[in-house]
K.L.:
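Below you will find the structure I want to go over with you.
Being a predicted model, the structure only gives us computed values, none of them experimental. All values below come from the heavy atoms of this structure, side chains included, with hydrogens, waters and symmetry mates left out.
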Amino acid sequence: MKISGTYTLPFPRERAFALMQDPAALARAMPGCESLERSGSDEHKIIEYKMKMKMALASLSGAFEGKVRISDSAPPESFRLIVEGSGRIGFMKGEGSLTLAVVEGGTEVSYDGDAQVGGTMAAVGQRLIDGTAKMMIKRFFEKLAAEAPS
């Protein structure tokens with residue numbers, strides 16, 4: 001499934017980029033995220049986090065464990081985000097590029113990527129998965145936008 005869109009955050013680009021690299025801010029913004037802990041980085045400047053989250057899709061819900069990786073970081077302009085998780089109701093994988101551009105009143109974040117789900121979750125239907133993914137992305141950016149500037 002392709003995922004793409006834009007969202008404008010009410011911060012300068014440097015602040016928006018920093019928030020999207022901050023595990024505490026990411027954990028607060030990601031719907032269902034229970035914890036996000038840095039688990040390392042390597043010589044290729046890939047930052048990795050261990051993630052625990054709860055996900056609900058139609059009548060299905062369950063806990064997921066997985067990884068969030070940030071790579072190809074070019075502050076404050078862009079980075080690549082890779083998310084993988086699995087649990088009792090299936091698995092999810094997503095990868096995408098985020099580009100931050102200065103606009104009047106803040107920063108426009110453009111995202112473009114792919115996501116896959118499998119297992120029991122995939123049985124609920126593509127249209128429901130598409131709608132849930134869009135809703136989760138919208139909630140993520142709304143929560144991120146609510147972060148007080150520092």
K.L.:
Listed by chain and number, what are the salt bridge (charged side-chain N to carboxylate O under 4.0 Å, His left out) partners of Lys143, not counting sequence neighbours?
P.N.:
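Residues passing salt bridge (charged side-chain N to carboxylate O under 4.0 Å, His left out) with Lys143: none at all.
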
K.L.:
Looking at Glu147 and Arg28, does any basic side-chain N land under 4.0 Å from a carboxylate oxygen?
P.N.:
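Between Arg28 and Glu147 there is a salt bridge, with a charged N closer than 4.0 Å to a carboxylate O.
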
K.L.:
Determine whether the aromatic ring centres of residues Phe79 and Phe17 are separated by less than 6.0 angstrom.
P.N.:
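Here the rings of Phe79 and Phe17 have centres that are less than 6.0 Å from each other.
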
K.L.:
For Cys33 versus Ala27, what's the shortest heavy-atom pair and its separation?
P.N.:
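Heavy atoms of Cys33 and Ala27 come nearest at CB-O, 3.5 Å.
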
K.L.:
Identify the heavy atoms of Phe64 and Met55 that sit nearest to each other, and give their distance.
P.N.:
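Scanning both residues, the minimum pair turns out to be CE1-CB, 3.7 Å.
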
K.L.:
Do Ser73 and Gln21 have side-chain heavy atoms sitting under 4.5 Å apart?
P.N.:
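They are in side-chain contact.
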
K.L.:
Would you give the length of the straight line joining atom CD1 of Ile82 to atom CD1 of Ile70, rounded to the nearest 0.5 angstrom?
P.N.:
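Here the interatomic distance stands at 9.0 Å.
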
K.L.:
Could you tell me which non-hydrogen atom of Arg88 sits nearest to which non-hydrogen atom of Ser61, and how far apart they are?
P.N.:
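What the structure gives for the nearest pair is NH2-O, 3.1 Å.
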
K.L.:
Do Leu144 and Met20 make a side-chain contact, defined as non-hydrogen atoms from C-beta onward lying under 4.5 Å apart?
P.N.:
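Of all side-chain heavy-atom pairs linking Met20 with Leu144, at least one is under 4.5 Å.
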
K.L.:
Could you give the distance from OG (Ser86) to CE (Met92), rounded to the nearest 0.5 Å?
P.N.:
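One gets 9.0 Å once the value is rounded to the nearest 0.5 Å.
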
K.L.:
Which atom pairs, one a donor and one an acceptor, fall under 3.5 Å between side chains of residues 99-122 and the rest of the protein, sequence neighbours left out?
P.N.:
unit_1	atom_1	unit_2	atom_2	d
Thr107	OG1	Phe11	O	2.7
Thr107	OG1	Pro12	O	3.4
Thr107	OG1	Arg13	N	2.9

K.L.:
Taking all non-hydrogen atoms of both residues into account, name the closest pair between Arg139 and Pro31 and its distance.
P.N.:
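Where Arg139 meets Pro31 most closely, the heavy atoms are CB-CG, 3.9 Å.
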
K.L.:
For Met1 and Ala133, work out which heavy atoms get closest and say how close.
P.N.:
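Minimum heavy-atom separation between Met1 and Ala133: CE-CB, 4.1 Å.
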
K.L.:
Please lay out, stage by stage, how Arg80 and Ser97 fare under the test side-chain hydrogen bond (donor to acceptor under 3.5 Å, both in side chains).
P.N.:
CA-CA 4 Å; Arg80 187 162 205 71; Ser97 297; 2.5 Å; yes

K.L.:
Within the structure provided, determine whether Met51 and Val83 are in side-chain contact (heavy-atom separation under 4.5 Å).
P.N.:
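The answer is yes, as the side chains (C-beta and beyond) meet within the 4.5 Å cut-off.
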
K.L.:
Would Ile3 and Phe91 show up in the same hydrophobic cluster when neighbours are defined by side-chain heavy atoms closer than 4.5 Å?
P.N.:
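Result: no, two separate clusters.
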
K.L.:
Which heavy atom of Pro23 sits nearest a heavy atom of Leu36, and at what distance?
P.N.:
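Taking every non-hydrogen atom into account, O-CD2, 3.7 Å.
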
K.L.:
Could you state the interatomic distance from CG (Leu19) to CG (Leu9), rounded to the nearest 0.5 Å?
P.N.:
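One finds 8.0 Å between CG of Leu19 and CG of Leu9.
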
K.L.:
I'd like to know if Arg38 pairs up with Glu48 as an ion pair, taking the criterion as any Lys NZ or Arg NE/NH1/NH2 lying under 4.0 Å from an Asp or Glu carboxylate oxygen.
P.N.:
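So Arg38 does not pair with Glu48 through a salt bridge.
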
K.L.:
Heavy atoms, side chains only, cut-off 4.5 Å: are Lys134 and Lys138 in contact?
P.N.:
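When only atoms from C-beta onward are counted, Lys138 and Lys134 do not touch, as no gap falls below 4.5 Å.
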
K.L.:
Answer yes or no: is there an ion pair linking Glu84 with Arg69, defined by an N-O contact shorter than 4.0 Å?
P.N.:
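Salt bridge flag = yes for Arg69 with Glu84.
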
